[in-house]
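Remarks on the structure that follows.
Reckoned from all heavy atoms, side chains included, excluding hydrogens, waters and symmetry mates. In what follows, residues are counted from 1 in the order of the sequence shown.
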Amino acid sequence: MINITIDGIKTSVPEGSTILQAAATVGINIPTLCYHPDQAVKANCRVCVCEVEGNRLLQAACSQPVAEGMNIKTRSPKVIEARKTILELILSHHPQDCLNCIRNGNCELQDLAAEYIIRDNPFELKIRDLEKDFSTPSLFRDPAKCILCRRCVDACNVIQTVGALGLEKRGCEAMVVPTLGGSLLDSPCVMCGQCIHACPVGAIGEVENIDELLAAIADPDVVVVTQIAPAVRLALGEEIGMETGELPMDVFVAGLRQVGFDYVLHTNFTADLTILEEGNELLKRLTTGGTLPMFTSCSPGWINFCESFYPDLLDNLSTCKSPQQMFGSLVKTYWADKMGIPAKKIFSVSIMPCTAKKYEASRPEMNSSGYRDVDIVLTTREVGKLLRLTGIDFKRLAPSPFDSWMGAYTGAAVIFGATGGVMEAALRTVYEVVTKKELEDVNFQFARGFEGIKEAEIDLDGTKVKVAIAHSLANARKLMDQVRAGESPYHFIEIMACPGGCIGGGGQPITKANAKRIERIKAIYEEDQALAMRKSHLNPEVKVLYDEFLHEPLGHKSHELLHTHYHAKDKKAF
C-alpha cells in the first residue's frame with residue numbers, strides 16, 4: 001500500500017494505482033475525456049491534470065502512478081484554470097450546435113463545459129469543414145465534432161478487432177477516418193455501434209427513424225405492429241429515469257399503445273421459435289455429418305464480421321434468421337392471415353438494443369414475406385426519445401398485456417439478451433429432444449458470466465457435445481482462427497458481437513463501463529427465474545404456429561420464411 005495525500009485527505013492505496021484511481025477511493029471526482037475504464041490509458045486530452053507537490057508541470061491523473069508520500073491537489077486554482085483552458089481549446093475546434101446534436105443532454109464535453117462555467121471562449125472558433133457520413137443504414141459520422149480522444153478507435157480495433165476506424169495525418173491536421181478510404185460503408189464496419197458507446201460527444205451516432213414511425217402512426221391506412229427484443233426493457237428504464245430492470249413489461253406495453261402502436265408483440269416469441277429451428281438444425285448436422293462447428297446467427301454484427309473476415313466459414317453459420325427477421329416474415333404472412341389484415345397495410349417496427357439490426361432489416365435477403373419483412377428498427381435510445389417526445393408518464397399507466405399471437409414467450413427467450421443466453425436456451429430444449437427426459441435443473445451456470453470465452457461438454461444421454469460461447473469480436477476471432485486452422489474441438493459455438501451480448505448492444509443507453517452491462521445481465525436472469533415456463537419448446541403459441549402453419553421444424557415453410565444464407569464481402573482490413 002502507498003500512503004498519499006489528496007486535497008488534504010490522507011489515504012492508502014494499492015501500489016501501481018494512478019492518481020485518478022486513488023482519488024476515486026476517497027470520493028474525489030476528476031474530469032476526463034479520453035479516459036475509458038475498459039480501455040488502455042491514452043492521456044492525450046489532459047483534462048484530468050492535477051498538481052503534484054515537487055513537480056513543475058501538471059500531471060495527467062489517468063496515467064500518473066502514485067508514489068509514497070505524494071501530495072496531490074486536484075482542485076487548486078492552478079488546476080481549475082488549466083482544465084478550463086484545455087476545454088476552451090477543444091471547444092474552439094468544436095461545432096457550437098448542441099441543440100441540433102444527437103448527444104444533446106448526454107455529452108461529456110457539454111457537461112464539462114457547464115461544470116467549468118465556460119461562457120465566453122477567448123480562442124477563435126475554427127471549425128473544420130468536414131462532411132457528415134450517412135452512408136450506412138445503421139451509423140452516421142459527423143467528423144467535425146471529433147475531439148480526437150481515440151476511444152472509438154480503441155473500441156473498434158482492440159475490443160472488436162474490426163479496424164474500421166483509424167487515424168490519418170498528424171498534429172492539428174489529425175483525423176479519425178474510416179479505413180480503406182471513402183465512407184463508413186466502404187470500410188469493414190460491422191455496424192455493431194460500440195464506437196457510439198466509446199465516443200464522448202456526437203461524432204458518431206445511430207441513424208434515427210423516429211420521423212418514419214410517426215408518419216406511419218399518422219396514416220389511417222397503415223397498421224403499425226411492433227416487436228420488443230428481450231434486452232430492451234431492462235435498459236429502457238435507464239433512458240427514462242428508472243433503475244435497470246425497474247420498468248415493468250406490461251407498463252412498457254401500455255406506454256407503446258399510448259404512443260400509437262396498433263399491436264404490441266414480442267421478439268421473445270421468435271426467440272423461442274429460433275431455438276426450435278436452430279436446435280433441430282444442430283441435431284441434423286450432428287447426425288448427418290453437416291458442417292461443424294455450427295455458429296449461432298442471431299447477432300447481425302457478428303454475421304457482418306463473418307462475411308468480411310471469415311467468408312470461408314460461412315457454411316458453419318446456422319441458416320436461421322435472427323429472431324427479429326423471423327418475426328418480420330411471420331407478421332406479414334401467418335399473423336396477417338390470422339388477424340385478417342392485408343400484409344401490404346402492415347408497418348413492421350422492431351425495437352432493438354442493436355444498431356446492426358437496422359442494417360440487417362435492409363438486407364435484400366430479408367423479404368421472404370413478399371415485402372420488406374421489417375420496415376424500420378428503433379434502438380432503445382430512440383424509444384427513450386420517443387417516450388419523452390410523447391410525454392408518456394409510466395407512473396400513471398395501467399398495465400397492458402401483449403396482443404395475442406406472437407406475444408407469448410418463455411424464460412429461455414428472455415436470456416437471449418445476455419451472452420451465453422442463446423446457448424443455455426438451446427441446451428434446455430436440445431437436452432429434452434434428444435434424451436426424451438425432463439431437464440430438472442434448467443440453469444446451465446457455465447454459460448453465464450462476463451468471461452470472454454466460456455466452454456463446456458454436455459452429455460446428452462451418452463452423446464457428448466462440446467460447446468463454446470464468445471462475446472465481443474476480439475474473442476470471436478480467437479475461436480474463428482481455431483476453426484479455420486482445423487483445431488476447434490467444438491460442435492456448437494454461440495457468438496455475440498457486443499460485450500455482454502445484446503444487453504451491451506450499440507443501441508442501448510450510453511454507458512462507458514462494463515459494470516452496467518453486468519448489472520443488466522443480472523436482471524435478465526432474474527426475469528427468467530421468475531417465469532413459470534423456461535423452455536422454448538413449451539411455448540403454447542409456438543406449438544400452435546407449427547400445428548397451423550409451419551408443420552415441422554426445418555420444413556418447407558420454415559425454410560422459406562425462417563432461414564437464409566449469407567455472402568462474402570470483400571472488405572477485409574484488420
Side-chain donor/acceptor pairs under 3.5 Å, residues 250-257, sequence neighbours excluded:
{"residue": "R257", "atom": "NE", "partner": "S400", "partner atom": "OG", "Å": "2.7"}
{"residue": "R257", "atom": "NH1", "partner": "D403", "partner atom": "OD2", "Å": "3.0"}
{"residue": "R257", "atom": "NH2", "partner": "P401", "partner atom": "O", "Å": "2.6"}
{"residue": "R257", "atom": "NH2", "partner": "D403", "partner atom": "OD2", "Å": "3.4"}

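- In this view, E526 and K522 satisfy the side-chain contact (heavy atoms from CB on, under 4.5 Å) rule, not counting sequence neighbours.
- Every residue was checked against the ring pair (Phe, Tyr, Trp, His ring centres under 6.0 Å) condition with F446, not counting sequence neighbours, and none meets it.
- Taking the ring pair (Phe, Tyr, Trp, His ring centres under 6.0 Å) definition, one finds that Y525 meets it with nothing, sequence neighbours left out.
- Not a single side-chain hydrogen bond (donor to acceptor under 3.5 Å, both in side chains) links T296 to another residue, sequence neighbours left out.
- The side-chain hydrogen bond (donor to acceptor under 3.5 Å, both in side chains) search around E307 returns R363, K569, not counting sequence neighbours.
- Applying the ring pair (Phe, Tyr, Trp, His ring centres under 6.0 Å) test to pairs two or more places apart or on separate chains, those with a residue in residues 262-282 are Y263-W335, H266-F402, H266-Y409.
- Residues satisfying the salt bridge (Lys or Arg N to Asp or Glu O under 4.0 Å) test with E246, not counting sequence neighbours, are none.
- Between E360 and K357 a salt bridge is recorded (basic side-chain N to carboxylate O distance below 4.0 Å).
- Checked for salt-bridge contact, E206 and R381 meet the test: a charged N lies under 4.0 Å from a carboxylate O.
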Show me the side-chain donor-acceptor pairs of residues 387-397 shorter than 3.5 Å, one per line, residues at least two apart or across chains.
{"residue": "R388", "atom": "NH1", "partner": "E239", "partner atom": "O", "Å": "2.7"}
{"residue": "T390", "atom": "OG1", "partner": "L386", "partner atom": "O", "Å": "2.8"}
{"residue": "T390", "atom": "OG1", "partner": "L387", "partner atom": "O", "Å": "3.4"}
{"residue": "D393", "atom": "OD1", "partner": "K395", "partner atom": "N", "Å": "3.1"}
{"residue": "D393", "atom": "OD2", "partner": "R396", "partner atom": "NE", "Å": "3.3"}

Mind listing the side-chain donor-acceptor pairs of residues 341-352 below 3.5 Å, one per line with the distance, residues two or more places apart or on another chain?
{"residue": "S348", "atom": "OG", "partner": "D373", "partner atom": "O", "Å": "3.3"}
{"residue": "S350", "atom": "OG", "partner": "Q324", "partner atom": "OE1", "Å": "2.7"}

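- Y359 meets the ring pair (Phe, Tyr, Trp, His ring centres under 6.0 Å) test with no other residue; sequence neighbours excluded.
- Note on residues 419-428: pairs passing side chain to side chain donor-acceptor pair (under 3.5 Å), not counting sequence neighbours, are E424-R428, E424-R448, R428-D528.
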